Amino acid sequence: MPRAARYQNRIELLQGTLDLLVLQTLRWGPQHGYGIAQAIRANSSDVLQVDTGSLYPALHRLERQKWIAAAWKQSENNQRTRVYRLTAAGRRQLASERSRWAQLVDAMGGILNGRNRSEA
Amino acid sequence: MKWWNAGSSKKDDELNEELRAHLTMAVRERIERGQSPAEAESAARRELGNVATIKEVTREMWGWTWIEQVMQDLRYAVRLLRRHPGFTTIAVLSLALGVGANTALFQVINAVRLRSLPVASPDTLAEIRLVDPDGARGYFNSWHPSLTNPIWEQIRERQQAFGDLFAWGANQFNLAQSGEAKPAPGLWVSGGFFSALGVRPVVGRLLTDADDQRGCPARAVLSYPFWQRAYGGERSVVGRTLTIDSKPAEIIGVTQAGFFGLEVGRSFDVALPICAEPIVSGGSGRLESGTTWWLSIMGHVRAGSSLPQATAQLGAISPALFHSTLPAKYPAVSVPKYLNFKLAAFPAGSGISWVREEYESSLWLLQGTAVVVLLIACANLANLLLARASARQREIAVRLGLGASRRRVIRQLLTESLLLAGVGAAFGALLAGTLSTALVGFLKAADQSVILDLGTDWRVLGFTVALAVLTCVLFGLAPAIKATGIGASAVLKAAGRGMTADRDRAGLRRALVAGQVALSLVLLFGALLFARSLYNLLTVDPGFRDEGVVVAAIDMRQLDLPVERRHGAIQDLLDRLRALPGVQAAATVGIVPISGDAWGNDVWIDSAGSRRTTNSLFNRVSLGYFETLDIPILAGRDFDAAIDTPSSIKVAIVNEAFARELLSGSSPIDARFTRESTPSEPETVFQIVGLVKDAKYLSLRETIGPTAFFPTTQDVRPGSFARVVLRSSLPAEATTAAISRTLADLSPRIGVSYDVLTTQIGVTVVRERLMATLSGFFGGLAAILTLVGLYGVIAYSVARRTSEIGVRLALGASRANVLSLILREAGLLVFIGIVIGVVLAILAARQTASLLFGLEPADPLTLSVTVLALAAVALVASYVPARAATRIEPVVALRVE
């Protein structure tokens with residue numbers, strides 16, 4: 001059952017992590033929803049798979065918070081797609097979320113590796 | 001298209017397009033990777049998930065869509081309610097009635113209890129009163145505990161706790177120049193009254209300290225409503241002269257609209273300065289009297305000072321103050337109490353109110369009753385909605401199946417309820433205006449002077465809105481939760497008949513009906529208690545006969561008769577009145593029974609070295625009084641003007657209670673008793689010359705106490721005011737017209753006003769009448785709602801069990817079996833309801849104890865009658881659908897399946 005195995009390898013996204021992933025993905029340039037999903041999947045070697053049901057609400061939420069902006073673009077197959085790009089505010093938000101993420105990773109690592117704990 | 005729609009549909013289209021593009025790209029990529037188009041399409045769709053859900057969640061991210069959703073829900077709800085006009089009408093009507101009755105009662109309660117006076121800083125307004133008025137002797141001019149003018153002047157001198165202090169007393173003035181009296185409610189006010197309350201004149205000026213100096217002329221301030229009524233709001237009224245108690249008074253101004261004085265429920269027409277009392281009343285000397293209690297004293301506590309501090313300060317000045325004001329001839333027994341009087345400050349921000357004291361507990365009780373009626377109405381609506389939820393089960397299941405979240409569907413269902421509640425409450429609020437006016441009209445029928453400002457303020461508004469929301473939640477939430485709590489597939493699988501959730505839902509409906517039975521039992525019980533209480537009061541024997549008796553208050557003050565000629569003048573007048581056609585008997589009387597006035601002191605009899613003391617009521621009557629009121633003289637004689645002269649020994653006629661109390665029932669004739677000294681008369685000995693049957697004195701509710709009657713002819717200080725009772729065989733109007741003619745013939749300067757004794761007594765049972773009428777109305781309404789609910793549940797249960805009953809009949813059950821099967825179900829509900837109801841009723845009835853007459857709150861007979869009546873009608877309500885069940889044709893019923 002290869003499908004089941006693949007599902008097990010996937011990681012449930014932490015609350016708020018999706019925002020960070022979207023913002024980070026858009027750093028490389030404007031992208032539409034499908035592209036963002038594919039990029040996240042590819043860059044995580046298929047470990048992280050973004051659910052469409054979470055992606056679009058997240059995109060629209062980020063847009064409302066003015067961290068990303070959207071515009072309609074004609075694709076090469078003559079299809080209209082909604083393309084998102086990072087705003088200046090989004091860039092700042094990304095920076096702060098990245099440092100928070102780094103702190104989280106640090107803290108988690110500390111706990112899991114017992115680095116900061118004196119052995120009793 | 002509406003504005004909220006225009007924007008959203010464009011956004012919706014864009015979202016659709018965005019998701020479509022996503023799908024297209026996903027499919028194309030899968031095809032590029034070598035999947036077949038069909039395979040790619042279905043895999044991509046699967047990956048995409050539920051588009052409806054995605055759209056809904058995404059839309060929520062737009063933030064403002066809740067408006068759009070609410071609008072959408074509302075439009076849907078309106079459409080749905082329109083499609084079921086029967087249901088909608090019943091729902092709106094019962095809610096409008098429930099909310100209307102509640103709001104109306106609350107409006108009246110708000111007006112008499114909750115609202116502050118419309119004056120400057122009512123929250124710091126306080127009243128100065130005696131902590132314990134026991135020991136106050138003399139004349140009491142107000143139902144409200146009050147003080148004398150010397151005490152007021154001393155408080156004004158000595159106190160420091162109040163920034164501004166004023167005194168006022170209510171009074172009835174006569175505005176007629178002669179002939180029949182034109183009574184007008186009035187106020188005696190001190191100079192600081194209007195400025196302290198922040199009242200402004202609309203015309204002219206108001207009274208000030210300069211107007212309130214000893215020996216001042218009568219200057220009158222009119223109230224705004226009186227100015228409008230009597231003078232059509234003419235500005236030239238200032239400077240004109242008004243006749244007050246036959247004395248001229250100059251009008252100096254009119255108070256602002258909305259100011260009614262300090263008594264809630266009353267208003268005033270004219271206000272005069274306290275110093276004008278001697279001129280207007282003709283030198284009765286109230287200003288100097290230390291035993292006439294007629295003034296209320298109020299003021300604003302000084303900033304930075306508190307009520308307890310003010311009370312402490314008043315307590316400190318009390319001993320010196322009461323020493324300096326002790327009246328010269330104060331009865332010796334009461335002097336220590338007078339000297340120990342203590343003044344204290346009490347909050348007065350909501351004024352004083354006789355209406356409040358008389359009706360507040362009744363109003364709260366009625367409010368509680370109305371809330372219960374509303375609860376029952378809500379239970380009925382919840383029942384209807386639950387039944388409808390069964391019908392809509394498939395619709396809801398489909399919506400859930402198509403991806404609507406449960407929360408979303410509940411919100412949709414609640415929007416429907418909220419719309420119903422809103423419309424119902426809106427109609428209710430409209431209805432409330434009429435109902436509260438009618439309620440005040442009910443009180444007014446008794447007492448023309450009840451004037452209440454029923455204006456709607458934030459409190460009333462908040463109350464109505466809260467009711468609407470509460471009702472909506474009560475009748476809408478449970479059905480909505482229940483309706484959506486079923487698995488969608490279960491319902492859809494259950495084909496035409498949604499059997500799945502029925503058991504659960506029917507349980508809730510049964511509980512609701514049992515609750516309704518319980519609550520309506522409580523209300524019916526209350527209604528019966530009040531009805532019986534009213535009946536007891538109306539049929540109680542007062543000891544006298546009031547039919548055909550007219551009371552004429554004759555004012556001869558303007559004749560300026562010298563004291564020694566007054567007896568003769570009144571005697572002459574009585575003779576003329578007795579000669580009028582139709583008049584059977586006539587007499588003068590000091591205090592008309594059940595009028596609310598009273599006069600009494602301690603009396604005692606010394607015999608064999610021991611003294612028996614009791615408190616007795618008094619009355620002063622002329623020969624023929626007992627005949628006029630049909631009170632039998634049991635022993636001895638009536639008064640006789642020839643024998644009972646001012647110089648002969650003082651005589652009295654006593655009632656049975658008097659003889660029982662002081663003479664242990666032995667014959668009272670020729671016995672002597674002593675009346676304690678009063679501020680106006682020394683200790684006096686009376687000889688008893690007659691014994692009369694007991695009759696009520698103060699109110700119909702009282703147990704008759706000792707009463708002694710004194711002859712008018714032995715009154716040492718006769719007034720020029722006579723109250724005459726006449727029994728006539730002619731209608732009251734004919735009698736009063738004849739009296740007026742007789743008086744006018746005697747002198748145009750005689751004033752008179754009339755009362756019909758029956759009417760005057762009827763006024764004293766207004767509270768009982770109000771309680772019996774309204775609780776009866778609410779009780780009936782509750783019972784009807786409950787029976788409708790019971791009928792609905794049983795009928796529904798029969799409809800649901802059609803096939804089961806069909807099977808039973810086919811297998812040989814008799815019609816009687818089926819009938820008892822259904823009636824047992826109904827009977828169980830009613831039984832449970834009645835058991836709970838009886839417990840609740842006994843608990844709730846305790847609240848009514850003070851309002852009942854002639855029966856106990858837990859009257860077993862009343863309770864049994866209530867239970868039986870409710871059980872009987874409940875049986876009828878369930879018999880109809882049960883009977884329908886027996887007519888089920890097994891073949892037809894089974895074929896439906």
Side-chain angles (χ1 to χ4, degrees), chain A residues 2-4 6-7 10 12-13 15-16 18-19 22-23 25-26 30-42 46 48-85 90 93, chain B residues 7-35 37 39-69 400-408:
Chain A
R3 267 178 66 92
R6 245 183 58 198
Y7 263 91
R10 243 193 264 153
E12 283 285 316
L13 282 179
Q15 189 78 38
L18 182 58
D19 288 6
V22 170
L23 293 175
T25 309
L26 288 179
Q31 189 60 274
H32 47 65
Y34 183 73
I36 294 169
Q38 294 307 309
I40 291 174
R41 191 170 166 174
D46 276 7
L48 298 179
Q49 190 156 21
V50 182
D51 181 23
T52 336
S54 316
L55 177 67
Y56 283 93
L59 285 172
H60 285 248
R61 188 178 61 242
L62 292 172
E63 186 188 354
R64 191 160 162 252
Q65 283 162 324
K66 302 230 159 44
W67 292 334
I68 59 176
W72 286 97
K73 281 235 174 71
Q74 211 74 16
S75 76
E76 50 278 25
N77 315 47
N78 212 16
Q79 183 169 33
R80 239 160 65 96
T81 56
R82 203 152 189 262
V83 174
Y84 298 89
R85 68 176 172 77
Q93 178 67 17
Chain B
S8 78
S9 68
K10 180 166 174 261
K11 263 192 117 158
D12 271 334
D13 288 346
E14 288 190 352
L15 182 60
N16 277 337
E17 193 173 353
E18 187 175 8
L19 291 174
R20 221 169 26 242
H22 182 105
L23 189 66
T24 320
M25 284 186 276
V27 172
R28 191 178 310 126
E29 204 169 285
R30 280 171 189 276
I31 292 173
E32 276 164 15
R33 267 192 267 141
Q35 286 183 341
E39 212 180 337
E41 172 96 20
S42 78
R45 273 190 193 283
R46 213 167 35 238
E47 199 181 64
L48 189 60
N50 189 330
V51 180
T53 314
I54 297 175
K55 280 203 280 197
E56 196 186 316
V57 179
T58 309
R59 258 195 238 110
E60 269 170 23
M61 296 303 150
W62 297 345
W64 47 269
T65 49
W66 66 269
I67 300 182
E68 179 219 8
Q69 282 183 355
L400 287 171
L402 288 180
S405 67
R406 188 175 171 202
R407 237 183 48 212
R408 184 77 183 73

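FYI, side chains are in, hydrogens and waters are out, and symmetry mates aren't considered; it's all heavy atoms of this structure. Order of the sequence lines sets the chain letters (A, B, ...), proteins ahead of strands, with each chain counted from 1. None of the values given here were measured: they were computed from a predicted structure.
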Practice prompt. Kindly give the heavy-atom pair with the smallest separation between A:Q38 and B:E29, and that separation in Å.
Written response: OE1-OE2, 3.6 Å
Discussion item. Please report the interatomic distance CZ(A:R80) to CD(B:E14), rounded to the nearest 0.5 Å.
Written reply: 6.5 Å
Practice prompt. Locate the shortest heavy-atom distance separating A:Y56 from B:E18; write the atom from each residue and the value.
Written response: CE2-OE2, 3.3 Å
Fill in: B:E47 bridged to A:R41 by N-O distance under 4.0 Å
yes
Worksheet item: Can you tell if the side chain of B:M25 reaches within under 4.5 Å of the side chain of A:H32, non-hydrogen atoms only?
Response: yes
Discussion item. Please report the interatomic distance CG(A:L55) to CG(B:L19), rounded to the nearest 0.5 Å.
Written reply: 9.5 Å
Practice prompt. Locate the shortest heavy-atom distance separating A:T81 from B:A21; write the atom from each residue and the value.
Written response: CG2-CB, 4.1 Å
Discussion item. Between A:E63 and chain B, with a heavy-atom cut-off of 4.5 Å, which part of the residue counts as in contact: side chain, backbone, both or neither?
Written reply: neither
